[in-house]
Amino acid sequence: MTFGPTLESIKTHQVPDWFQDAKLGIFVHWGLYSVPAWAPLTGELGAATAEGNWTKWFANNPYAEWYQNSLAIGQGATYEHHLRTFGPDFTYADFGPMFQEAAQRFEPDAMADLFQQAGARYVVLTTKHHEGFLLWPSASPNPKQPHWQLQRDVVGELTSAVRDHGMQMGLYYSGGLDWTFNPHVIRDVIDLFIGVPQMPEYEAYASGHIRELIARYRPAVLWNDIGYPAMADLPKLFADYYNAVPDGVINDRFIQGKDIHSMEMLEKMARGEMGLPQAEHYDFKTPEYRVMPEATPYKWESCRGLGYSFGYNQNDTDANMLSVEDLVRGFVDIVSKNGNLLLNVGPRADGSISELQASRLKGLGEWLAINGEAIYGTRPWTRAAGQARAGDALIPTRFTHKGDALYVSLLSTPKSKKVVLESVTVAPDAPVTLLGHASPLAHAQHGEQLEVTLPEQMPPSPVYVIKTTT
């Protein structure tokens with residue numbers, strides 16, 4: 001199918017099966033901010049924005065990749081850290097040569113191998129974050145900031161390594177913020193949209209980069225952030241992308257509305273009287289540090305870090321990072337509701353990944369090696385959530401299905417060997433099994449309740465999955 005440069009045409013694009021089936025992607029935030037690698041541990045984004053206090057959030061931003069903006073605010077923990085560590089005359093641009101040198105030690109195969117061990121089916125790399133620094137030697141270098149791109153083509157090298165490991169490769173590009181073109185300091189949600197460069201020079205620069213990335217790397221995911229210049233012809237850009245990469249997907253952050261910059265609308269958003277504006281076209285939604293409360297008819301992808309940051313933060317400890325148990329349980333919940341998880345890794349400046357992060361990726365991969373059948377290629381069932389009884393305890397459950405197979409995931413460990421699944425009716429003579437256990441399980445149907453007897457010996461697992469046929 002050939003797509004035309006109109007909104008009507010591109011809206012006929014269907015989310016491809018590979019993205020529906022993949023369930024797990026790895027986000028990679030890597031840039032100059034990976035050199036200082038510092039942010040305060042002030043909590044997850046969702047908790048802060050639920051209070052509506054964006055000013056407090058930006059002044060104490062735990063996103064290490066926002067180091068430059070946190071420094072520009074001129075107060076707060078990041079600013080004070082920078083003065084203590086680097087001194088008042090050390091600018092953000094001074095990290096550039098340090099990053100150039102460190103990136104020469106990057107080992108793309110090692111990174112791709114770790115992501116494969118985690119069970120990921122796709123990867124999304126930040127080719128340019130809000131600082132504007134490029135991770136590939138572009139034919140269109142930054143006209144505002146000299147040498148503002150890597151000499152080494154880490155985008156191309158990681159793309160090749162990821163594909164060699166059997167995964168899809170996607171690319172992130174910050175089209176909405178570029179502090180080399182618009183250095184407006186972000187102190188509140190209003191500033192996010194004031195900060196989008198709207199000059200023709202930037203639109204040509206950003207759209208030219210995206211076209212270059214498409215032509216050179218054929219990304220399976222086109223992942224934009226914050227917004228996009230209002231003057232850009234996005235239907236034409238998207239049509240050209242789909243025609244070049246028919247199975248590609250586009251996220252929902254190409255927000256472009258021309259009235260975004262009216263102070264009336266911005267002030268309403270800041271007061272919580274209206275939500276953030278929506279893009280006119282996308283293949284999937286991208287809640288950040290949030291999940292949907294119920295299964296949705298549309299595809300979505302929850303993105304989050306293992307801790308509070310996307311960029312590497314040297315302050316991370318076990319205490320502020322997801323445990324393997326919570327990671328697995330959260331992932332199962334997302335998949336049951338028609339979502340993917342885009343789980344972020346923040347490499348050090350040299351591209352290496354801390355053991356705190358790597359151990360969690362490997363733990364997730366170990367669980368998927370046994371239970372991946374209940375994840376990959378599945379679709380939401382008639383409901384996402386339920387409960388089971390094990391003795392006097394109630395256990396939350398999540399459901400997925402694939403064909404006639406139903407998978408019931410127990411989100412906590414049963415204290416009793418007899419588990420009663422509420423509102424689950426299996427087909428007559430259908431076997432009931434536990435993934436990772438060879439023998440069928442004894443079971444009995446009592447009306448709409450299915451009683452299952454678990455094995456006497458079960459290896460430790462954050463989530464046990466019961467499989468049957470409905």
Side-chain angles (χ1 to χ4, degrees), residues 7 10-11 13 15 19 25 27-29 31 45-46 49 54 57-58 63 65-66 69 122-132 170-179 181-182 186 189-198 202-203 205-207 209-211 213-214 219-235 237-238 241-242 245 248-261 265-266 269 274-292 296 298-305 310-311 339-344:
L7 198 59
I10 61 175
K11 280 188 174 295
H13 184 260
V15 178
F19 191 72
F27 217 174
V28 183
H29 274 66
L45 174 66
T49 56
W54 285 90
W57 164 261
F58 285 113
Y63 282 5
E65 69 276 12
W66 278 69
N69 188 78
Y122 64 104
V123 176
V124 178
L125 171 67
T126 52
T127 66
K128 183 196 83 167
H129 204 257
H130 310 330
E131 65 192 8
L171 300 178
Y172 165 113
Y173 184 91
S174 176
L177 293 180
D178 187 319
W179 294 322
F181 279 82
N182 185 353
I186 312 300
V189 66
I190 292 177
D191 293 315
L192 281 174
F193 296 100
I194 294 175
V196 178
Q198 295 294 341
Y202 177 70
E203 187 279 320
Y205 178 76
S207 295
H209 276 165
I210 290 176
R211 290 185 178 281
L213 292 170
I214 293 168
V221 183
L222 206 56
W223 218 104
N224 185 61
D225 207 2
I226 305 294
Y228 208 73
M231 68 189 71
D233 186 354
L234 286 184
L237 180 63
F238 293 167
Y241 170 61
Y242 288 146
V245 188
V249 288
I250 294 169
N251 79 329
D252 66 338
R253 299 193 184 189
F254 283 90
I255 301 167
Q256 196 183 23
K258 295 177 176 57
D259 56 351
I260 287 176
H261 303 281
M265 174 180 280
L266 292 171
M269 285 190 288
M274 62 178 294
L276 297 178
Q278 300 294 305
E280 286 191 306
H281 173 72
Y282 53 86
D283 291 302
F284 62 99
K285 293 190 174 184
T286 57
E288 187 166 326
Y289 278 88
R290 293 185 299 107
V291 301
M292 299 299 184
T296 63
Y298 54 82
K299 193 64 186 174
W300 58 281
E301 175 193 73
S302 178
C303 61
R304 63 157 298 143
F310 286 91
N340 287 5
L341 172 62
L342 187 61
L343 181 65
N344 183 79

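In this text, all values refer to a predicted model and were calculated from it rather than measured experimentally.
- Not counting sequence neighbours, the partners of Asp225 by the side chain to side chain contact (heavy atoms under 4.5 Å, CB included) test are His130, Tyr172, Trp223, Arg253.
- Here the closest non-hydrogen pair linking Leu213 and Pro219 is O-CD, 3.6 Å.
- Without hydrogens or angle criteria, Thr126 side chain to His129 main chain gives no donor-acceptor distance under 3.5 Å.
- Summarising the geometry, atom CG belonging to Leu171 is positioned 9.5 Å from atom CD1 belonging to Ile214; distances are rounded to the nearest 0.5 Å.
- No donor-acceptor pair under 3.5 Å is formed between the side chain of Glu65 and the backbone N or O of Gly31.
- Closest heavy-atom contact between Pro197 and Gly176: CD-O, 3.4 Å.
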| task | List the steps and the verdict of side chain to side chain contact (heavy atoms under 4.5 Å, CB included) for Asn69 and Glu131. | result | CA-CA 9 Å; Asn69 188 78; Glu131 65 192 8; over 6 Å; no
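- The closest side-chain donor-acceptor pair between Lys285 and Asn251, if any, does not fall under 3.5 angstrom.
- Closest non-hydrogen pair, Gly227 versus Asn224, comes out as O-ND2, 2.8 Å.
- Between Tyr242 and Val249, the closest side-chain pair of non-hydrogen atoms is not below 4.5 Å.
- Considering all non-hydrogen atoms of both residues, Val124 and Leu342 come closest at CG2-CD1, 4.0 Å.
- Listed by chain and number, the residues in a ring-ring contact (aromatic ring centres under 6.0 Å, His included) with Tyr202 are Phe181 (sequence neighbours excluded).
- Across all their heavy atoms, Pro229 and Gly175 have their closest contact at CD-O, 3.9 Å.
- Leu192 is listed as a side-chain neighbour of Ile226, based on a closest heavy-atom distance under 4.5 Å.
- For the pair Ile210 and Phe254, the minimum side-chain heavy-atom distance is below 4.5 Å.
- Remark: Ser207 engages Glu203, Tyr228 in a side chain to side chain donor-acceptor pair (under 3.5 Å) (not counting sequence neighbours).
- For Phe19, the ring-ring contact (aromatic ring centres under 6.0 Å, His included) partners are Tyr122, Phe284, not counting sequence neighbours.
- The distance from the SG atom of Cys303 to the CG atom of Leu341 is 9.0 Å, given to the nearest 0.5 Å.
- Under the rule for a salt bridge (charged side-chain N to carboxylate O under 4.0 Å, His left out), Asp252 has no partner lying at least two apart in sequence or in another chain.
- Asn344 is linked by a side chain to side chain donor-acceptor pair (under 3.5 Å) to His29, counting only residues two or more places apart in sequence or in another chain.
- Residues Pro287 and Trp300 share a closest heavy-atom pair of CG-CE3, 3.7 Å.
- With sequence neighbours excluded, no residue forms a side chain to side chain donor-acceptor pair (under 3.5 Å) with Lys11.
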| query | Which is it for Leu234 and Gln256 under the side chain to side chain contact (heavy atoms under 4.5 Å, CB included) test, yes or no, and what are the steps along the way? | reply | CA-CA 9 Å; Leu234 286 184; Gln256 196 183 23; 3.4 Å; yes
| task | Under the side chain to side chain contact (heavy atoms under 4.5 Å, CB included) rule, what do His281 and Leu7 come out as? Steps first, then yes or no, please. | result | CA-CA 7 Å; His281 173 72; Leu7 198 59; 4.0 Å; yes
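- The shortest distance between side-chain heavy atoms of Asp283 and Tyr298 does not fall below 4.5 Å.
- For Tyr173, the ring-ring contact (aromatic ring centres under 6.0 Å, His included) partners are His209, not counting sequence neighbours.
- Two rings, from Phe310 and Tyr289, have their centers less than 6.0 Å apart.
- For the atom pair Ile10 CD1 and Glu280 CD, the distance stands at 8.5 Å (nearest 0.5 Å).
- Note: Phe58 and Trp66 have tilted aromatic rings, judged against thresholds of 30 and 60 degrees for the angle between ring planes.
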| Yes or no on side chain to side chain contact (heavy atoms under 4.5 Å, CB included) for Asp233 and Phe238, after CA distance, side-chain angles and deciding distance? | CA-CA 9 Å; Asp233 186 354; Phe238 293 167; over 6 Å; no
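- Every side chain to side chain donor-acceptor pair (under 3.5 Å) that Asp178 has, sequence neighbours left out, goes to Lys128, Thr180.
- Taking 4.5 Å as the limit, every side-chain heavy atom of Asn182 sits out of range of all side-chain heavy atoms of Gln198.
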